[in-house]
Amino acid sequence: MTTIDPETRIPDPIDLDRAEEERLRRVAGLSPERAAAGAEYAGFDTVGIPDRPPQTERERQLFSLEEGEMLVNIGPQHPSTHGVMRLLVKVRGEIVTDIDPVLGYLHRGIEKLCENATYTTVLTYVDPMDYLATMHNEHAPAIAFEKLYGIKAPRRAEYIRALVVELNRVFSHGLMMGFLALDMGGLTPILYSFINRDETVDLLSAISGQRMLFNFFRVGGVNWDVSDEFLSRLGTWRSHVLKNIEMNEWLITENEIFTARTKGMGVLSGKDAIDLGVSGPNLRASGVPFDVRKAHPYSIYNELEFDVITQSSGDSYARYIQRIEEIKQSIHLIDQIMDKMPHGPVQAQVPGIIRPKPGRAMGAVESPRGLYSVYAISDGGPNPYRFRMRDPSLISLQAIPKLMPGRLLADTMAVMASFDPIMGGVDK
C-alpha cells in the first residue's frame, strides 16, 4: 500500500498559472507583473477579453463590458453547437446583450483544394462540405462544369439527380426536427429522426455505394443507373416514411414545453431576411416565397408540380414547421419523378480529363439550407482556374447577433438550432 507524506502539498492550479506567467515574462525580458494586495489572479472583469488591443470596431464593441456584464463561451464542441462553432456571448445576469459567432475551427480550404484538382475530382472534394446535403454539394458544381464544357446530362440522369437530392432533403430536414429538440433537452425526437435518416441513407447507399459522402454525380450525368433492388426498396420506404415524420410531430409539434420555447422566439422579418441574404427554409419561414427550383428552374424541376410553402411568423417554431411541410413536398416530388422517369443513358460522352474552353459559369441549387451556388472560371486547363462557393449556413448565421440581444441565455441554442447551420459548409 502506498503511503502519502502528510507534509506533501498539492500545488494550487492558480499558483501554477501565476508561476508559468512569471517564467514567460522573464524569458521575454519583461518585468514581473505585480498584483494588488488581496487581488484575485483573474477577475471577472477580464475573463475572456484578449490581452491585445481591439483590431476591429466589432471587437471593440463586443469586448467593452459595462457594469454587471460578462462574457460566456458556448462551444466550440460537437454536437452542442452543430459542429465546431464558438458563440461568444455577452450577458448581464441571464439576459444576452450581445453575441458573436466565431468561425473557422474546421479551416478546410475546400475552394483552394478544388482549384488544384481536375473537374471530375472536384465533385469528390465538395462532398464533406455540408455533410447533411452531400448530393446538393455535388449538384451545383456539376451544373457549372457542364455549362463550361458545353454539354447536357441525359434526361434520365437529370431525373435520377432530382430523385436523390429530394431524398437527401427529406432526411436532412428530418434530422433538423430532432436536433432542434435535442438542443433544448429532448432526447427521444432525435432517435425517431435517425430512424428516418438511416432508412433514407440506406437507399442512397444502394444507388451510390456510399453511406454519407455519396460521390454520385458526374460531369455529364450520374455514376450509376437505378436498379430493380433500389426501386423495390424505394417503394417500401415510401409506404411508411410519413409515419416516421408523424411520430416526431406527435412528440414535439404541440408539446407545451417545445412551443413555449420556440413560438415568438428569434423572430426574423421577411425584410431583414432579404437584407441579410438569408435563403431557403429560413427565408420562406419569414413569409418570402423564394425557391431556386421555382425562381430559376434547373434540372427537370420545370416539369414537376410543387408548391412553395411559406410561414408568416418568422420565429423558431415557424422554421420548424416549414421543414415539415417541405418534407411532404419532397415526397410529392419523388412520386412524380418515379412516374415520369424516362429510359435512356445516365452519362454523356465525356473524356476522363475535361478541359473546358476559357470562360466562366455559375450553378445554383436549392439545398436544405438554402441557396447554394458555385462560380467557376476556366482558363482552358484541366483544373478550375477559380472556384468559389456560396454556402447558405454562413449567410444564415449573420442573423444570430440581430435576433438574440434581450433574450435569455438558455434561448440561444433554441434560436440558433432553428436556422439549421452546418459548420462544414461555413468553414469551407
Side-chain angles (χ1 to χ4, degrees), residues 114 117-149 151-172 174 196-239 241 293 298-301 303-304 330-331 333-354 363 365-368 372 374:
C114 291
T118 65
Y119 287 91
T120 302
T121 311
V122 166
L123 299 181
T124 67
Y125 282 8
V126 298
D127 269 343
M129 195 178 73
D130 183 344
Y131 38 78
L132 295 185
T134 306
M135 292 295 189
H136 299 83
N137 293 351
E138 300 173 17
H139 200 175
I143 292 174
F145 294 164
E146 286 163 5
K147 289 180 180 178
L148 278 177
Y149 197 61
I151 60 170
K152 287 187 177 181
R155 279 181 53 77
R156 183 174 178 85
E158 292 288 9
Y159 270 85
I160 295 174
R161 286 178 172 184
L163 171 64
V164 295
V165 297
E166 293 307 324
L167 286 170
N168 201 154
R169 196 184 316 275
V170 168
F171 87 69
S172 178
N196 176 50
R197 182 261 180 192
D198 288 346
E199 289 182 348
T200 312
V201 166
D202 283 342
L203 273 174
L204 294 175
S205 66
I207 191 175
S208 69
Q210 310 270 2
R211 275 193 61 83
M212 187 173 177
L213 308 179
F214 300 111
N215 188 21
F216 181 63
F217 282 62
R218 295 292 182 270
V219 179
V222 293
N223 199 22
W224 305 102
D225 199 351
V226 293
S227 63
D228 292 339
E229 178 196 4
F230 172 83
L231 296 175
S232 175
R233 295 171 69 169
L234 179 63
T236 304
W237 172 86
R238 176 63 183 88
S239 67
V241 59
R293 295 171 295 179
Y298 57 94
S299 190
I300 45 90
Y301 282 106
E303 303 176 23
L304 306 175
S330 289
I331 294 172
L333 284 168
I334 290 170
D335 291 341
Q336 296 179 65
I337 291 167
M338 296 312 301
D339 287 341
K340 297 181 178 181
M341 185 179 294
H343 295 286
V346 297
Q347 176 65 50
Q349 293 296 320
V350 177
I353 301 296
I354 300 172
V365 300
E366 181 69 33
S367 86
Y372 165 57
V374 162

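The closest donor-acceptor contact from the side chain of Thr124 to the backbone of Thr121 lies under 3.5 Å. Listed for the Glu146 side chain is a donor-acceptor partner under 3.5 Å among the backbone atoms of Gly220. Distance alone, capped at 3.5 Å, places no donor-acceptor pair between the Arg156 side chain and the Met341 backbone. Between the side chain of Arg238 and the backbone N or O of Asp335, no donor-acceptor pair lies under 3.5 Å. Checked by atom type and distance alone, the side chain of Asn196 never pairs as donor or acceptor with a backbone atom of Gly174 at under 3.5 Å. Without hydrogens or angle criteria, Glu138 side chain to Phe216 main chain gives a donor-acceptor distance under 3.5 Å. A donor-acceptor contact shorter than 3.5 Å links the side chain of Ser208 to the backbone of Gln210. With Ser205 contributing its side chain and Val201 its backbone, the two residues share a donor-acceptor pair below 3.5 Å. Asp225 places no side-chain N or O within 3.5 Å of a backbone atom of Pro345 that could act as its donor or acceptor partner.
For Asp339, the CG atom counts as densely surrounded, since its 6.0 Å shell holds more than 12 non-hydrogen atoms of other residues, nucleotides or ligands. Within 6.0 Å of the NZ atom in Lys152, the count of heavy atoms belonging to other residues, nucleotides or ligands does not exceed 12. For Leu231, the CG atom is densely surrounded, since the number of other residues' heavy atoms within 6.0 Å is greater than 12.
The nearest pair of heavy atoms linking Thr120 to Gly352 is OG1-O, 4.0 Å. Looking at every heavy atom in both residues, Ser172 comes nearest to Pro368 through OG-CB, 3.4 Å. The two residues Met212 and Arg197 make their nearest non-hydrogen contact at CG-NH2, 4.4 Å. Pro128 approaches Leu213 most closely through the heavy-atom pair CA-CD2, 3.8 Å.
Looking only at side-chain heavy atoms (C-beta outward), Val226 and Val346 stay at 4.5 Å or farther from each other. Side-chain contact check for Phe145 versus Val122: some heavy-atom pair is nearer than 4.5 Å. Under the 4.5 Å side-chain criterion, counting only non-hydrogen atoms from C-beta, Asn168 is in contact with His136. The shortest side-chain heavy-atom distance between Val165 and Val365 does not fall under the 4.5 Å cut-off. Using a 4.5 Å heavy-atom threshold, the side chains of Arg161 and Tyr298 count as separate. Residues Glu166 and Val170 form no side-chain contact, since every pair of their non-hydrogen atoms from C-beta on lies 4.5 Å or further apart. Two residues are said to be in side-chain contact when any heavy atoms from C-beta on lie closer than 4.5 Å; Leu333 and Tyr301 meet this criterion.
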message: Using side chain to side chain contact (heavy atoms under 4.5 Å, CB included), reason through Val219 and Ile151 one step at a time and then give a plain yes or no.
response: CA-CA 9 Å; Val219 179; Ile151 60 170; 4.1 Å; yes

query: Stepwise, does the side chain to side chain contact (heavy atoms under 4.5 Å, CB included) test hold for Phe214 with Asp127?
result: CA-CA 7 Å; Phe214 300 111; Asp127 269 343; 5.5 Å; no

task: Go through the steps for Asp130 and Tyr372 under the test side chain to side chain contact (heavy atoms under 4.5 Å, CB included), then give the verdict.
output: CA-CA 10 Å; Asp130 183 344; Tyr372 165 57; over 6 Å; no

message: side chain to side chain contact (heavy atoms under 4.5 Å, CB included), that's the test. Do Val222 and Ile207 meet it? Break it down for me.
response: CA-CA 10 Å; Val222 293; Ile207 191 175; over 6 Å; no

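Residue Leu203 holds its CG atom at 11.0 Å from CZ of Phe171, rounded to the nearest 0.5 Å. If you take CD1 on Ile334 and CG on Leu304, they are separated by 11.0 Å, rounding to the nearest 0.5 Å. The line from CG of Leu234 to CG of Leu167 is 6.0 Å long, rounded to the nearest 0.5 Å. Within the model, atoms CD1 of Ile354 and CG of Leu148 stand 10.0 Å from one another, a figure rounded to the nearest 0.5 Å. Taking CG of Asp202 as the start and CZ of Arg211 as the end, the distance is 4.5 Å to the nearest 0.5 Å. A distance of 13.5 Å separates CG in Leu132 from CZ in Arg169, rounded to the nearest 0.5 Å.
The pair Arg155-Glu158 does not meet the salt-bridge criterion, since no charged nitrogen lies less than 4.0 angstrom from a carboxylate oxygen.
Ring-plane geometry between His139 and Phe217 is classed as tilted, the angle between the planes lying from 30 to 60 degrees on a 0 to 90 degree scale.
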